[in-house]
Amino acid sequence: MIGAPARLLTWLAVMATLLTACTPAVDLTETDAGQPIASSSAMPTTGDLQAVPSTGATQTPVAPQPAPPPPPPAVPQAFALNLYQEGDFVPQYTFDWCVAASIQMAHNLVDDTGGGTWATSAQQSELWEMARARSSNSFNGANPRGWAQVLTEVGMGPHAVVSIATYEDTLQTAARAIAETGRPVGLVMWSGRHAWVMSGFESMGDPTQFAEFQVTGIRVLDPLYPHGSGQWGPSPEPNSLLTPEQLATQFVVREPRRWSSDLPTGYLLVLPVAA
């Protein structure tokens, strides 16, 4: 029986060892006091937090840029336009045919294709009769409406007769029409008794760029040259550049009684109109 007690003691020793290995390694005094068990994975208290730098890139706010200032307004510059070329002038062959001669000159001013100059007396007579047939007044001559209608019919583009109350507005209207259409303007001179052609102008400011500009010079063709008038003054040479003051001595408001019209009193123009 000696061997049995020895085996029993050996078994008890093994069991004691196993029980010891299964016992948790904790301080029983802390467990009994109700304190939490410390863990290496527990979050630190507030006082233990440390600032952690961000790993993302920081964007610096960009201040809004002010809008660029508007460009300064354009300043009118000296401008000139002249349709005249040598050979465009045609004299009137009688003291009555100023409208017909003005129609011939208007054609010559815009026809740069080499199609021939309108200058013969026979053609001028025909144009005069055409203008008379399209006019009506007590003097049995050609009035501005007949002038405008013939210009339109012979292929010079549409034209209209306009009456403008002020001299400055009249010059601006005429200059703008030449600049925009490339065609001359008819000037009704001597209070409705004579016809000139305005072939160009000089100004401060391009009429196609500025609503307001100042006409400083007017290019004119008087078909009565070189005779002129004892009442109104001498005829300027063809392609003369007149100041507004010089033109105003012969270019005056139309006399209302001169021909029957519903147009108000003013400065009369036979004006090219954009097609």
Side-chain angles (χ1 to χ4, degrees), residues 82-111 117-135 137-151 154 156 159 161 167 170-171 174 178 183-201 217-255 257-259 267-272:
N82 189 8
L83 304 177
Y84 179 82
Q85 295 185 29
E86 192 68 30
D88 289 343
F89 174 78
V90 181
Q92 60 187 82
Y93 295 109
T94 76
F95 284 103
D96 295 326
W97 292 355
C98 59
V99 166
S102 295
I103 294 171
Q104 288 178 311
M105 288 189 289
H107 168 271
N108 298 340
L109 288 165
V110 300
D111 182 15
T117 299
W118 287 14
T120 67
S121 175
Q123 182 191 49
Q124 195 172 111
S125 174
E126 180 182 353
L127 292 170
W128 168 250
E129 294 299 334
M130 288 179 63
R132 285 182 64 196
R134 291 154 179 78
S135 304
N137 58 35
S138 58
F139 296 92
N140 197 31
N143 67 23
R145 285 225 170 103
W147 181 3
Q149 189 169 343
V150 172
L151 283 169
V154 298
M156 301 298 297
H159 285 74
V161 181
Y167 186 61
T170 303
L171 297 183
I178 295 174
R183 292 178 274 153
V185 171
L187 304 179
V188 181
M189 307 295 291
W190 301 356
S191 192
R193 294 176 174 84
H194 191 36
W196 285 13
V197 176
M198 178 175 170
S199 57
F201 64 93
I218 304 93
R219 294 280 181 184
V220 295
L221 301 171
D222 177 2
L224 195 56
Y225 177 83
H227 304 291
S229 166
Q231 177 183 355
W232 295 97
S235 297
E237 293 184 6
N239 196 37
S240 289
L241 180 66
L242 304 184
T243 66
E245 293 75 19
Q246 290 173 323
L247 180 65
T249 62
Q250 301 194 49
F251 184 39
V252 297
V253 296
R254 184 257 317 174
E255 182 181 317
R257 298 169 296 172
R258 183 67 185 172
W259 56 290
Y267 299 88
L268 284 188
L269 300 174
V270 176
L271 199 68

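Everything quoted here is computed from the prediction, not taken from an experiment.
Once rounded to the nearest 0.5 Å, the distance linking CG of L187 with CG of L268 reads 10.5 Å. One finds the CD atom of Q246 at 9.0 Å from the OG atom of S240 (value rounded to the nearest 0.5 Å). With rounding to the nearest 0.5 angstrom, the CE atom of M198 is 6.5 Å from the CG atom of L171. Note that CZ of F201 is 15.0 Å distant from CG of L242, once rounded to the nearest 0.5 Å.
Judged by distance alone, with hydrogens and angles left aside, the side-chain atoms of S191 form a donor-acceptor pair with the main-chain N or O of V253 at under 3.5 Å. When atom types are taken as modelled, the side chain of Q92 and the backbone of S102 share no donor-acceptor pair closer than 3.5 angstrom. No donor-acceptor pair under 3.5 Å is formed between the side chain of R145 and the backbone N or O of S135.
Between Y167 and Y267, the two ring planes are tilted [angle within 30° to 60°].
Inter-residue side-chain proximity for W196 and L247 is flagged as met; some heavy-atom pair is nearer than 4.5 Å. Looking at P223 and H194, their side chains come closer than 4.5 Å, going by heavy atoms from C-beta outward. Two residues are said to be in side-chain contact when any heavy atoms from C-beta on lie closer than 4.5 Å; R183 and L151 fail this criterion. Between F251 and T170 there is a side-chain heavy-atom pair separated by less than 4.5 Å. L109 has its side chain within reach of L221: a pair of non-hydrogen atoms, C-beta onward, lies under 4.5 Å apart. When side chains are defined from C-beta on, L271 does not count as touching V161, because their heavy atoms never get closer than 4.5 Å. Looking only at side-chain heavy atoms (C-beta outward), W97 and S121 come within less than 4.5 Å of each other. T94 is not listed as a side-chain neighbour of W128, based on a closest heavy-atom distance of 4.5 Å or more.
Residue P236 comes nearest to Y225 through the heavy atom pair O-CD1, 3.3 Å, listed as atom of the first residue, atom of the second, then distance. Of all heavy-atom pairs between A131 and V99, the closest is CB-CG1, 4.1 Å. For F89 against P91, the heavy-atom pair with the smallest separation is CE2-N, 3.8 Å. Between Y93 and A119 the shortest heavy-atom distance is OH-O, 2.5 Å. Nearest heavy-atom pair across S199 and N82 is O-OD1, 3.6 Å. Closest approach of W118 and Q104 over heavy atoms only: O-CB, 3.5 Å.
With sequence neighbours left out, E129 forms a salt bridge (charged side-chain N to carboxylate O under 4.0 Å, His left out) with R132.
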Show your working on side-chain contact (heavy atoms from CB on, under 4.5 Å) between M189 and D222 and close with a plain yes or no. CA-CA 10 Å; M189 307 295 291; D222 177 2; over 6 Å; no
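With P184 as reference, V110 is the one residue of V110, V270, D88, I178 to meet the side chain to side chain contact (heavy atoms under 4.5 Å, CB included) rule.
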